[in-house]
Amino acid sequence: AALLMACGDSSAPDLRGPVQMAIQQSLTSRPTSAGTFQLSGAVSDNGSTVEELTFGGPLDRPPVPVTFRRTLTGKQGTMVISGAASLQFSSPTAATLTGTWKVDEATGRYASLEGTGTLTGSADFGATPPSASLAYAGTVRER
């Protein structure tokens, strides 16, 4: 209830401006990854994240198009973001990612949030389990 009151409180800070997010995750099952996130900038929070990833082509024919849907569960609410990226292998087990994202839905303090941005990252398919480090950058605002 306190979160809902804060959302309607005119003295609550405006959620508008640049944001950055760092994600560390590992593959939990094909094609799901789970890990942690750290969000900073116009919105600050941290917590857990789960991602569903769909590969749009064979991994041996780069660049591989991918689409994703990520759920971020933080102390102030949840955010679901989706996007598309390109996976480029630099070796049989290492790849880089570049792409875009947008906020699809959100709850709690983020309920009125919309945003878009870009992402970059690296994936290690040789690790057990395979892991990735991702960096999201963009802007958010309240609808």
Side-chain angles (χ1 to χ4, degrees), residues 1-57 59 62-143:
L3 283 175
L4 293 175
M5 290 173 58
C7 287
D9 183 352
S10 62
S11 66
D14 186 25
L15 299 178
R16 177 183 305 267
V19 292
Q20 300 80 39
M21 182 172 20
I23 294 176
Q24 299 293 319
Q25 66 183 24
S26 296
L27 192 66
T28 55
S29 67
R30 193 171 182 176
T32 304
S33 293
T36 60
F37 76 92
Q38 180 72 42
L39 183 61
S40 61
V43 179
S44 294
D45 203 353
N46 61 69
S48 62
T49 179
V50 176
E51 177 187 58
E52 295 288 331
L53 186 66
T54 303
F55 294 97
L59 295 180
V64 179
V66 295
T67 55
F68 65 90
R69 183 170 173 85
R70 174 180 301 284
T71 302
L72 304 161
T73 305
K75 295 174 179 65
Q76 300 180 50
T78 62
M79 210 179 322
V80 176
I81 58 178
S82 65
S86 178
L87 187 65
Q88 183 73 44
F89 282 86
S90 56
S91 79
T93 60
T96 58
L97 287 117
T98 56
T100 60
W101 60 270
K102 69 179 178 71
V103 175
D104 285 339
E105 55 190 81
T107 67
R109 179 69 178 108
Y110 311 127
S112 62
L113 201 65
E114 60 183 23
T116 60
T118 59
L119 68 95
T120 59
S122 60
D124 181 354
F125 291 96
T128 304
S131 61
S133 295
L134 305 168
Y136 287 62
T139 57
V140 296
R141 66 184 178 100
E142 292 185 280
R143 289 189 275 267

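Side-chain N or O atoms of Thr49 include one that pairs as donor or acceptor with a backbone N or O of Thr71 at under 3.5 Å. Listed for the Trp101 side chain is no donor-acceptor partner under 3.5 Å among the backbone atoms of Ile81. Panel note: side chain Thr107, backbone Thr78; a donor-acceptor pair is recorded below 3.5 Å.
Within the model, atoms OG1 of Thr32 and CG of Leu27 stand 7.5 Å from one another, a figure rounded to the nearest 0.5 Å. Distance check: Ser33 OG to Phe68 CZ gives 12.0 Å after rounding to the nearest 0.5 Å.
In summary, the aromatic rings of Tyr136 and Phe37 are positioned with their centroids too far apart to meet the 6.0 Å limit.
A salt bridge links Arg69 with Asp104: the distance from a Lys NZ or Arg NE/NH1/NH2 to an Asp or Glu carboxylate oxygen falls below 4.0 Å.
The closest side-chain donor-acceptor pair between Thr96 and Gln88, if any, does not fall under 3.5 angstrom.
Among all heavy-atom pairs drawn from Asp45 and Gln76, the shortest one is OD2-N, 3.0 Å. Between Ala95 and Leu87, the shortest heavy-atom contact is CB-CD1, 3.5 Å.
In this structure, Thr120 has no side chain to side chain donor-acceptor pair (under 3.5 Å) partners at least two apart in sequence or on a different chain. Applying the side chain to side chain donor-acceptor pair (under 3.5 Å) criterion to Thr36, with sequence neighbours excluded, gives no partner residue.
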